[in-house]
Amino acid sequence: MADRKRFGDRDYFEGGKPRLDDPPNSRLFIVCSKNITEDDFRTAFEKFGTIEEVWVVKDKTSGEPKGVTYIKFSKTSEAALALEEMNGKCIGSANRPLKVMIAHSRDQGSKRESNEEERLLRLFCVVPKTTTDQMLRDHFKQFGDIDYVSVVKDRETKESRGFAYVKYHKISHAAKAFENCDRTYKAVFAEPRKKNSLDSFDRYSGPSMGQDPMFSPFGSSMEMSGYPNAEGCNLRVIASPHLNQDQLWKLFDIAPGLDFLYLDPKAKLGKGHAVVVYNNPQAAAYAQEKLHGFEYPPGQRLIVKMDPSARNDLPLNMQSRGGMNRDTFSGSTSPRLPGSSSAVPTSRSLPPDLASLAETIAQATSLIQAAGLAPDGAGANVGNVQGRDAYDPSYCSVKLPSPQPLASMDAETAERLFIVCNPGPPPAYALRDVFGRFGNLIDVYMLSGKNCGYAKYASKESAENAIQTLHGQEVCGIRMKVMAADPRTDDRRKRLKMEDQ
DNA sequence: CGACGGGACGC
DNA sequence: CGACGGGACGC
């Protein structure tokens, strides 16, 4: 089938026109000395990614370089990194430093706006109504330093309007988030907020929503280390034996001050038994309250108990250093609490912040395994068989292929499946994992308020495999029908077809 | 200050 | 036996 990722004239000149702004913000506009050659540019910029084109602009009549160059990258994040790295640098034989900017789209011309940085730093996302700022922050912080997260709420009812803005400090971070954030957010670069033209300092204008005020009930976790062996800091955990140490770490990282998490590889304590130690008792209590009884994976409740003696079960060499702690775990960032509101759900019914957390973990797990970086010997996650093909999520009634990378969101749909779930829709992350395992999955979603939905695949073969394997099976105890979808009926397809001409 | 050409899906 | 998602920021 057509591989839209591979670059070639065929793709570049889609519809007879160069795709200058596809993906968005992937083209650089560079003001520079006139004596820099195309080769100079290629040499200096190729390390940032795949260059689709270097165009040293020359005067049409005289042929003289105008001191302006465009460089088109295949990805937004490549252009962003190149900008951050090369702006102000000198290349070739020139003394004048490059001025590197993200090129405007052609119709936008050369006019500048006072806040054009914001166009590159801020993402617009569609989010479930139950998603909070903190939940979004927890997902988006993995891509870089967040300026602010803001779920837009109804002015009167204060309820979420179902969309949000996420702003970063660096455009490469925004670009990474744009490319790699959970695709159900449908992240796009946000149009700058409407504004009057006078304030070119809007970046500094407000405290705005910089840091959420209810952010840290425990104060700075750095200052909370005065409880090294306090009794209330130690938890004993029983989890699914399928979970590995990384996954558990991410779960228990919902409370600030996670010091040690030890999942006994020899199962001396018992399969899936772990010891968790925080540096402050509030965090341990919070984690226990939030995670005890939480189903992860679905159907498998975590058991989380306070146990002052738990720390004694750590191997001697860990009682001071930890088998896994903040220093050795690269994926963790600053500790944050979910559920910034005080109306934290205490029921055992999958509070939304934990659902979001579980989703994040499922996604990360899927990515890691798809990349062939499956947890190594340090983990105790392998049940009975060897190799990552053996990974078999307990929430699905049938043996599945190993996790696969998703197809790009704008890939062409080769086949669409219709899914019916009874009695109701399973968790989104479970659906995504299960349907993703056949490869080339573009998107899977349930219609809101309905028990049916769709899965879109970029490959017919993947879609057929999904039908073969999943039809009639269960996910999280929910029976699924999986079949080819009827073609769309509305005029949306026609409209898309028209654009192709 | 510094903003837009050439090319046009295989055998 | 079910059928087509959510979308722009109080001034």
Side-chain angles (χ1 to χ4, degrees), chain A residues 2 4 6 8-18 20-21 27-34 53-60 63 65-70 72 96 98-112 118 122-131 148 150-156 160-167 183-196 208-209 413 416-425 428 443-456 479-493:
Chain A
R4 305 184 77 226
R6 198 192 325 276
D9 285 355
R10 167 191 170 76
D11 285 331
Y12 188 59
F13 292 99
E14 184 180 64
K17 283 186 192 127
L20 295 181
D21 205 35
R27 194 173 59 130
L28 298 180
F29 171 60
I30 303 172
V31 181
C32 55
S33 159
K34 300 187 188 348
E53 184 187 43
V54 174
W55 172 25
V56 179
V57 178
K58 301 193 174 76
D59 184 273
K60 208 171 291 185
K66 294 165 75 171
V68 164
T69 293
Y70 293 94
K72 172 72 174 70
R96 170 175 173 178
L98 303 179
K99 184 169 180 183
V100 185
M101 290 151 283
I102 299 292
H104 291 168
S105 56
R106 245 181 210 281
D107 47 347
Q108 207 173 351
S110 60
K111 62 179 183 300
R112 302 184 64 178
E118 178 157 280
R122 210 171 59 126
L123 300 178
F124 172 76
C125 298
V126 176
V127 302
K129 297 276 201 296
T130 52
T131 299
Y148 64 76
S150 170
V151 173
V152 177
K153 302 177 189 69
D154 182 278
R155 190 176 354 140
E156 298 112 27
S160 166
R161 289 178 56 188
F163 59 92
Y165 296 91
V166 178
K167 191 174 181 189
R183 61 185 48 191
T184 60
Y185 292 135
K186 296 244 190 305
V188 294
F189 287 93
E191 288 298 319
R193 182 197 290 270
K194 60 174 189 279
K195 51 135 212 344
N196 44 39
S208 64
M209 334 132 192
T413 302
R416 213 165 54 110
L417 305 185
F418 182 55
I419 307 163
V420 181
C421 296
N422 273 304
D443 195 14
V444 55
Y445 61 91
M446 300 299 287
L447 302 176
S448 78
K450 301 239 169 75
N451 66 345
C452 59
Y454 297 91
K456 296 196 290 185
R479 179 83 60 187
M480 288 189 303
K481 298 179 184 178
V482 182
M483 61 213 95
D486 293 337
R488 295 195 66 99
T489 52
D490 62 17
D491 52 349
R492 199 159 148 172
R493 248 194 96 69

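Per chain, numbering begins at 1; letters A, B, ... match sequence-line order. Here the structure is a predicted model, which is why all the values come from computation and not from measurement.
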Please confirm whether the shortest side-chain N or O distance from [X] to OP1 or OP2 of [N] is below 4.0 Å.
X      : N     : value
A/K66  : B/dC4 : yes
A/K99  : B/dC1 : no
A/K481 : C/dG2 : no

A/F163, A/Y185, A/F189 screened by ring-ring contact (aromatic ring centres under 6.0 Å, His included) with A/F124, the one that passes: A/F163
Side-chain donor or acceptor of [X] under 3.5 Å from a matching atom on the base of [N]?
X      : N     : answer
A/E53  : B/dG7 : no
A/K186 : C/dG6 : yes
A/D59  : B/dG5 : no

Map A/K34 and A/W55 onto DNA chain B by nearest heavy atom, then report which one ends up closer to the 5' terminus. A/K34
Using every non-hydrogen atom in the two residues, find where A/T69 and A/V54 come nearest and quote the distance to one decimal. CG2-CG1, 4.1 Å
Derivation and outcome, side chain to side chain contact (heavy atoms under 4.5 Å, CB included), residues A/R106 and A/D21: CA-CA 8 Å; A/R106 245 181 210 281; A/D21 205 35; over 6 Å; no
Nearest-angstrom distance from the residue atom [atom1] of [X] to [atom2] of [N]:
X      : N     : atom1 : atom2 : value
A/E118 : C/dA8 : CD    : P     : 17 Å
A/Y454 : C/dG5 : OH    : P     : 8 Å
A/Y70  : B/dG6 : OH    : P     : 14 Å
A/L123 : C/dC9 : CG    : P     : 17 Å
A/M483 : C/dC4 : CE    : C1'   : 14 Å
A/K129 : C/dG7 : NZ    : P     : 6 Å
A/R27  : B/dC4 : CZ    : P     : 10 Å
A/I30  : B/dC4 : CD1   : P     : 16 Å

Among [options], which nucleotide has an atom closest to any side-chain atom of [X]?
X      : options             : answer
A/R106 : B/dG5, C/dC4, C/dC9 : B/dG5
A/R161 : B/dG2, C/dG5, C/dA8 : C/dA8
A/V152 : C/dG5, C/dC9, B/dG6 : C/dC9
A/V68  : C/dG7, C/dG2, B/dG2 : B/dG2
A/V126 : C/dG7, C/dC4, C/dG2 : C/dG7
A/A190 : B/dG5, B/dG2, C/dA8 : C/dA8
A/R416 : C/dA8, C/dA3, C/dC4 : C/dC4
A/F29  : B/dG2, C/dA8, C/dA3 : B/dG2
A/M101 : B/dG5, C/dG6, B/dG2 : B/dG2
A/R96  : C/dG5, B/dG2, B/dC4 : B/dG2

Remember a base hit wins even if backbone is also touched, and classify A/F124 as base, sugar-phosphate or nothing at under 4.0 Å, heavy atoms.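 If one applies the 4.0 Å heavy-atom cut-off, A/F124 turns out to touch a base.
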At under 4.0 Å between heavy atoms, what does A/V188 touch on the DNA or RNA strands: base, sugar-phosphate, or nothing?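 Result for A/V188 = base.
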Main chain of A/V420, side chain of A/N451: is a donor-acceptor contact present, judged purely on distance under 3.5 Å?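 It does not hold such a pair.
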Backbone N/O of A/K129 and side chain of A/R161: donor-acceptor pair under 3.5 Å: no
Is there a stack between A/F418 and C/dA3, judged by ring centres under 5.5 Å and planes under 30°?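 Ring-base stacking flag set for A/F418 and C/dA3.
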I'd like to check, for A/F163, whether its ring lies over the base of C/dA8 with centroids under 5.5 Å apart and a plane angle smaller than 30°.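 A stacking contact does not exist, since A/F163 is not both close and nearly parallel to the base ring of C/dA8.
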For A/D486 and A/F418, what are the C-alpha separation, side-chain angles and deciding distance, and is it a side chain to side chain contact (heavy atoms under 4.5 Å, CB included)? CA-CA 8 Å; A/D486 293 337; A/F418 182 55; over 6 Å; no
Whichever of A/D486 and A/E191 has its nearest DNA chain C nucleotide further upstream toward 5': A/D486
State, with a plain yes or no, whether a side-chain heavy atom of A/R27 is found less than 4.5 Å away from one of A/Y70. yes
